[in-house]
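Inspection log for the structure reproduced underneath, given as structure tokens.
Remember, predicted model here, so these are calculated numbers, not experimental data. Start at 1 and go down the list; that is how both ligands and their atoms are numbered.
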Amino acid sequence: MRLLTFLRGELFERGIHPPQYKLTAGAPILRLPYAPRLTVPLSQHIGRPAHPVVKVGQEVVRGQPVARADDWLSVPHHAPAAGVVEAIGLRPSSRGPWTESIVIRPHAGATQEDGWGVPRDVDAMSPQDILQAVWDSGMVGLGGAAFPTHAKLTVPENANVHTLVVNGCECEPYLTCDHRVMLEEAPTLIRGVRLAMRATGSRRAIIGVEDNKPDAVTSIQAAIDTAQATDIFVEPVPTKYPQGSEKMLIMALFGVEIPSGALPVSLGMVMNNVGTLAAVGRLLPAGQGLTERVITIAGPGVRRPGNYRVPLGTPMSFVLAWAGAPIDRTSARQLVLGGPMMGQAVAALDAPITKGVSGVLLFRREDMYDHGGRKTYPCIKCGECIESCPMGLNPSTLGMLAAKREYEEMGEQYHLGDCFECGCCTYVCPSNIPLVQQFRVAKQVLREAAAAAPATPPAVRA
Ligand code: SF4
Ligand code: SF4
């Protein structure tokens, strides 16, 4: 059965069309070797940092749990290689401040083949078993949010989920890792989709893929046909940034809007990214934890751009050297983790690849936003930012309040909480006002002001 109810693009005209630069779309996934040291931060997810369960000097095998989850929104972490725990302490991280981490020195000749873990019969698992197994695997959203996957798949007691929405848009420029996963691991993705459907009680799954990736649609459709899955559908959606955000994709697929402050579950939907569910489809049957991920290494400063399967904890400097982009601390270049729109600029070359890093992009000085003394001018009230904001916010007013540090008003009256930092407003602003950067600061200030109570799991269906 094919769904005919989509109103793709008709109700939703916001968003932008930046150049795509998806030059690595044809590059098959290659495996990166182990770096001499792998650094596993205890905080690679939202929620409290995990607790180490190993000691300095201890031998570990690949996939062995090295840190346990501390609360509902925390996840365990696993050794990315067989080796020795060399240190536990503060290390540079992509988040900025140094982070408590476990440093592992891989054994010479350590392989990247299966390690710790006992294969499971996933067909015999109950929804609760699947959720626990996802939690035990340390899965977080691999699209960049790093939200724990077990929490995302847990349906609150008062909700009834009917549809699993799978995000295969990969709308950020440069990034192609999800595209390659859809091409190379479609059967595994379908297995992960099936498991997520059972965990959430979904009756159907819709995989939305931007229409600039027709080969991915074909690949997924072939896997659906092979699996004889009559309740899983793949649907092209218009190529537009930020089509991959939850609200935009649901709008594109179903023509419905998630209300302000609400989650997709309020409409009976749960959403996950293709990379996340492909990993679930691979790890759960093997009974393993997440020890590696696929990332795109690209940008004008990279000589061998491509898609790489990288052991978690690999230092950025090692990744860049492997991709033909060695840089030192004095290079006039900019390193971005994730996509250029929502990614994060990092300064620490020692910072490791973590679960939420989907790309490593290297830009030359002349590629940067503020190159050439690009100045910021006062707001001219042109309304471009309002036109582009996919959430229907008023970035102009929010920007003016941010400049005056009136953060509470931003949150209470102008719905700052609905801003998901897509950067569309900054991209279109003719006055070069760094709007999204201001909003990030404001949100951080508000977060820090809020009480930090431990997270507890919601009540779930019996
Ligand atoms: S960054 Fe926030 S305010 Fe700006 S366009 Fe995106 S959602 Fe709207
Ligand atoms: S796009 Fe820039 S100049 Fe135009 S209204 Fe928004 S903040 Fe002001």
Side-chain angles (χ1 to χ4, degrees), residues 9 11-20 46 141 143-145 147 167 169-175 210 237-252 256-264 271 336-345 356 358 369-370 374-447:
L11 297 182
F12 196 76
E13 299 302 330
R14 296 172 190 266
I16 56 174
H17 294 90
Q20 295 180 25
I46 70 161
F147 191 87
N167 176 10
C169 289
E170 198 167 52
C171 56
E172 278 262 16
Y174 289 99
L175 300 186
E210 278 192 337
V237 293
T239 298
K240 178 198 279 189
Y241 180 83
Q243 192 67 274
S245 68
E246 277 188 340
K247 295 197 177 191
M248 303 312 105
L249 184 54
I250 286 173
M251 171 67 85
V256 294
E257 186 173 349
I258 302 170
S260 172
L263 295 170
M271 187 156 142
V336 174
L337 296 190
M341 298 299 295
M342 293 186 71
Q344 196 184 359
S358 53
Y369 177 77
D370 58 356
R374 197 175 173 190
K375 290 181 184 163
T376 296
Y377 297 96
C379 173
I380 57 172
K381 306 277 194 304
C382 66
E384 289 285 327
C385 56
I386 300 170
E387 288 288 312
S388 72
C389 178
M391 299 306 294
L393 302 178
N394 187 331
S396 169
T397 301
L398 282 167
M400 280 187 261
L401 291 170
K404 292 189 280 183
R405 301 187 184 178
E406 294 183 7
Y407 299 138
E408 281 185 19
E409 191 174 347
M410 292 172 73
E412 287 166 10
Q413 291 189 32
Y414 292 92
H415 307 286
L416 179 66
D418 283 343
C419 168
F420 62 99
E421 302 171 22
C422 68
C424 289
C425 51
T426 308
Y427 183 83
V428 299
C429 178
S431 293
N432 303 328
I433 300 171
L435 294 162
V436 69
Q437 291 83 352
Q438 294 176 334
F439 303 160
R440 283 185 188 134
V441 171
K443 289 169 83 174
Q444 183 62 25
V445 170
L446 291 175
R447 265 196 298 269

Checklist entry - Where is the nearest protein heavy atom to atom 3 (S) of ligand 1: which residue, which atom, and how far? => result Phe439 CE1, 3.6 Å
Next on the checklist: Tell me if a side-chain donor or acceptor on Lys247 pairs with a main-chain N or O of Leu263 at a distance below 3.5 Å.
Outcome noted: no
Item to check | side-chain contact (heavy atoms from CB on, under 4.5 Å) between Val436 and Met341, worked out | outcome: CA-CA 10 Å; Val436 69; Met341 298 299 295; over 6 Å; no
Checklist entry - What is the minimum heavy-atom distance between Gly244 and Asn167, and which atoms define it? => result O-ND2, 2.7 Å
Checklist entry - Any side-chain donor-acceptor pair under 3.5 Å between Asn432 and Thr376? => result no
Next on the checklist: Within less than 2.8 Å, report the number of protein N/O/S atoms around atom 8 (Fe) of ligand 2.
Outcome noted: 1
Next on the checklist: Need the ligand 1 atom indices (1-based, order shown) with element for anything under 4.0 Å from a heavy-atom of Pro390.
Outcome noted: 5 (S)
Checklist entry - What atoms in ligand 1 come closer than 4.0 Å to a heavy atom of Val436? => result 1 (S)
Checklist entry - Can a non-hydrogen atom of Ser388 be found less than 4.0 Å from any atom of ligand 1? => result no
Checklist outcome for this item: atom 6 (Fe) of ligand 1 has as its nearest protein heavy atom Cys422 SG, 2.3 Å
Next on the checklist: Regarding Glu421 and Arg440, does a basic nitrogen lie under 4.0 Å from an acidic carboxylate oxygen?
Outcome noted: yes
Checklist entry - Should we say atom CD of Glu257 is surrounded by more than 12 heavy atoms from elsewhere, each under 6.0 Å from it? => result no
Checklist outcome for this item: the protein heavy atom lying closest to atom 8 (Fe) of ligand 1 turns out to be Cys389 SG, 2.3 Å
Item to check | Protein residue, atom and distance nearest to atom 2 (Fe) of ligand 1, heavy-atom basis | outcome: Cys419 SG, 2.4 Å
Next on the checklist: Starting from atom 4 (Fe) of ligand 1, what is the nearest protein heavy atom, named by residue and atom, and what distance separates them?
Outcome noted: Cys425 SG, 2.3 Å
Checklist entry - Could you state the interatomic distance from CG (Leu435) to CE (Met400), rounded to the nearest 0.5 Å? => result 9.5 Å
Checklist entry - More than 12 heavy atoms of other residues, nucleotides or ligands under 6.0 Å from CD of Glu387: is that the case? => result no
Next on the checklist: Checking Gln444 against Arg447: is there a side-chain donor and acceptor pair closer than 3.5 Å?
Outcome noted: yes
Checklist entry - Judged by non-hydrogen atoms, does Leu435 sit under 4.0 Å from ligand 1? => result no
Checklist entry - Where the side chain of Gln243 meets the backbone of Glu210, is there a donor-acceptor pair that is under 3.5 Å apart? => result no
Checklist entry - Which ligand 1 atoms, with their elements, are less than 4.0 angstrom from a heavy-atom of Gly423? => result 1 (S), 6 (Fe)
Checklist entry - Which ligand 1 atoms does Phe420 reach within 4.0 Å, using its non-hydrogen atoms? => result 7 (S)
Next on the checklist: To the closest 0.5 Å, what do you measure between SG (Cys169) and OH (Tyr241)?
Outcome noted: 12.0 Å
